[in-house]
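Hydrogens, waters and symmetry mates play no part in the numbers below; they use all other heavy atoms, side chains included. Quick note on labels: first sequence line is chain A, next is B, and so on, each numbered from 1.
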2 protein chains.
Amino acid sequence: MLSNACKYAIRSILYLAINSSEDNKIGVKVIAEELETPQPFLAKLLQQLTRDKLVSSTKGPNGGFYLDSKNRKNAIWDVIISIDGTGKFDNCFLGLAKCDDRNPCPVHFIVAPFKDKILDSFRDKTIDEYVVEIKNTNRVISLKDLDLFEDEES
Amino acid sequence: MLSNACKYAIRSILYLAINSSEDNKIGVKVIAEELETPQPFLAKLLQQLTRDKLVSSTKGPNGGFYLDSKNRKNAIWDVIISIDGTGKFDNCFLGLAKCDDRNPCPVHFIVAPFKDKILDSFRDKTIDEYVVEIKNTNRVISLKDLDLFEDEES
DNA sequence: ATAAAAAAAGAGATTCTTATCTTAAACTCG
DNA sequence: CGAGTTTAAGATAAGAATCTCTTTTTTTAT
Ligand code: FES
Ligand code: FES
């Protein structure tokens with residue numbers, strides 16, 4: 001549904017939203033390590049996002065990537081468009097030409113409501129709002145430090 | 001989520017379920033035309049499905065592919081396993097190592113119920129049951145004859 | 001100047017998709 | 001039965017898309 005590239009991009013945007021600021025720019029290297037993604041690939045993606053004004057960057061010493069307040073008003077959907085282009089979402093789950101209520105494939109009415117829901121969530125919430133939610137609910141974005149609740153039992 | 005190959009496979013299984021029988025075997029060529037899929041690619045997929053006993057075939061004149069009553073007791077899920085292998089479904093939507101309720105990514109709780117539901121539908125229903133449903137509700141499987149309801153208005 | 005970092009371009013690897021060609025099986029008809 | 005036709009099975013490879021890595025250039029801070 002989403003390309004690998006796009007997943008990396010979304011995760012890094014969220015990472016930057018949480019960890020960066022104008023005073024605290026973060027280099028590709030750190031981001032890549034933190035998110036456990038291939039570094040050069042991520043670099044390219046971040047460049048793309050920068051061109052599309054979804055993240056900000058400065059070169060030179062103490063340079064790096066960060067999100068300014070404008071960037072934070074964008075939606076995840078913008079990231080998806082920037083990286084994967086539109087389309088991947090509107091397609092029929094079984095590969096029919098159109099995904100359409102009037103000519104549904106056998107799984108259409110199972111898939112469609114969820115597609116709508118997730119699409120809404122991606123389009124309507126700003127990055128900022130996502131971050132609030134992530135902070136409130138302890139959602140994970142990096143591959144590291146999984147099993148946060150490991151020793152919760154007993 | 002599903003590979004192209006897998007989509008083709010699912011659609012041809014359903015096509016065969018609806019249109020074929022032991023007395024009415026259907027050749028790759030017809031199936032490929034009907035479903036508008038690349039013929040040689042489909043051929044390979046059908047071979048794979050035949051090896052896994054999900055479809056039946058005979059060679060020679062009047063030969064072709066069909067579903068016998070055993071084949072019809074399988075589930076779509078079996079097709080997915082045969083073509084894509086397991087896994088593609090259990091993955092995190094944002095590419096994290098595990099998709100896990102305890103360490104959810106920011107979209108996990110939007111995606112997870114959907115995944116469960118569709119998975120159930122794929123695992124629990126037999127091909128036969130799907131066909132009944134398709135017939136009852138006029139679902140589309142081929143790319144041709146879309147817009148069944150084109151002139152329904154007015 | 002020097003060093004740090006992103007930007008840019010592009011080479012290489014891998015996987016996914018499609019096409020071609022040969023072989024083997026099954027039926028048909030003389 | 002036996003030659004010829006039909007169709008799937010199998011092997012191989014060409015093409016395309018996706019993903020990963022390398023190298024060079026440009027910008028900026030100190
Ligand atoms: S028509 Fe297949 S998912 Fe909507
Ligand atoms: S953890 Fe990401 S979808 Fe479940």
Problem set entry | Test salt bridge (charged side-chain N to carboxylate O under 4.0 Å, His left out) applied to B/Asp120 and B/Arg123, step by step | CA-CA 5 Å; B/Asp120 284 351; B/Arg123 258 190 321 220; 3.4 Å; yes
Are any protein N/O atoms closer than 3.5 Å to N/O atoms in nucleotides 17-19 of chain D? If there are, list each pair with its distance.
unit_1: D/dC19; atom_1: OP1; unit_2: A/Asn4; atom_2: N; d: 3.1

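At distances below 3.5 Å, not a single donor-acceptor pair connects side-chain atoms of B/Lys98 with backbone N or O atoms of B/Asp90. Not a single donor-acceptor pair under 3.5 Å links the side chain of B/Glu36 to the backbone N or O of B/Glu33. Side chain of B/Arg72 to main chain of B/Ala17: a donor-acceptor pair is present (N/O by atom type, distance under 3.5 Å, no hydrogens or angles). Looking only at distances, a side-chain donor or acceptor of A/Asn71 sits under 3.5 Å from a matching main-chain atom of A/Asp68. Side chain of B/Asn103 to main chain of B/Asp100: no donor-acceptor pair is present (N/O by atom type, distance under 3.5 Å, no hydrogens or angles).
Rounded to a whole Å, the CD atom of A/Gln39 is 9 Å from the P atom of D/dC21. Taking atom OH of residue B/Tyr66 and atom C1' of nucleotide D/dT7, one finds them 14 Å apart after rounding to whole Å. Atoms CD1 (B/Ile83) and P (C/dT15) sit 18 Å apart, rounded to a whole Å. Rounding to whole angstrom units, CG of residue B/Asp84 and C1' of C/dC16 are separated by 11 Å. What separates NZ of B/Lys29 from C1' of C/dT18 is a distance of 18 Å, to the nearest Å.
Shortest non-hydrogen contact noted between A/Asn24 and A/Asn19 is ND2-O, 3.1 Å.
Shown for residues 16-27 of chain A: residues whose heavy atoms fall under 4.0 angstrom of DNA chain C, namely A/Ile26, A/Gly27. Using a 4.0 Å cutoff on non-hydrogen atoms, the parts of residues 43-62 of chain B near DNA chain C are B/Lys44, B/Lys59, B/Gly60, B/Pro61, ordered by number.
The distance from atom CZ of A/Phe122 to atom NZ of A/Lys117, rounded to the nearest 0.5 Å, is 12.5 Å.
In this structure, a donor-acceptor pair under 3.5 Å is present between the side chains of B/Tyr130 and B/Ser121.
When each of B/Val55, B/Leu35, B/Leu45 is tested with B/Ser12 by the rule side chain to side chain contact (heavy atoms under 4.5 Å, CB included), just one qualifies, namely B/Leu35.
Linking ILVMFWY side-chain heavy atoms closer than 4.5 Å, directly or via other members, places B/Val79 and B/Ile18 in a single hydrophobic cluster.
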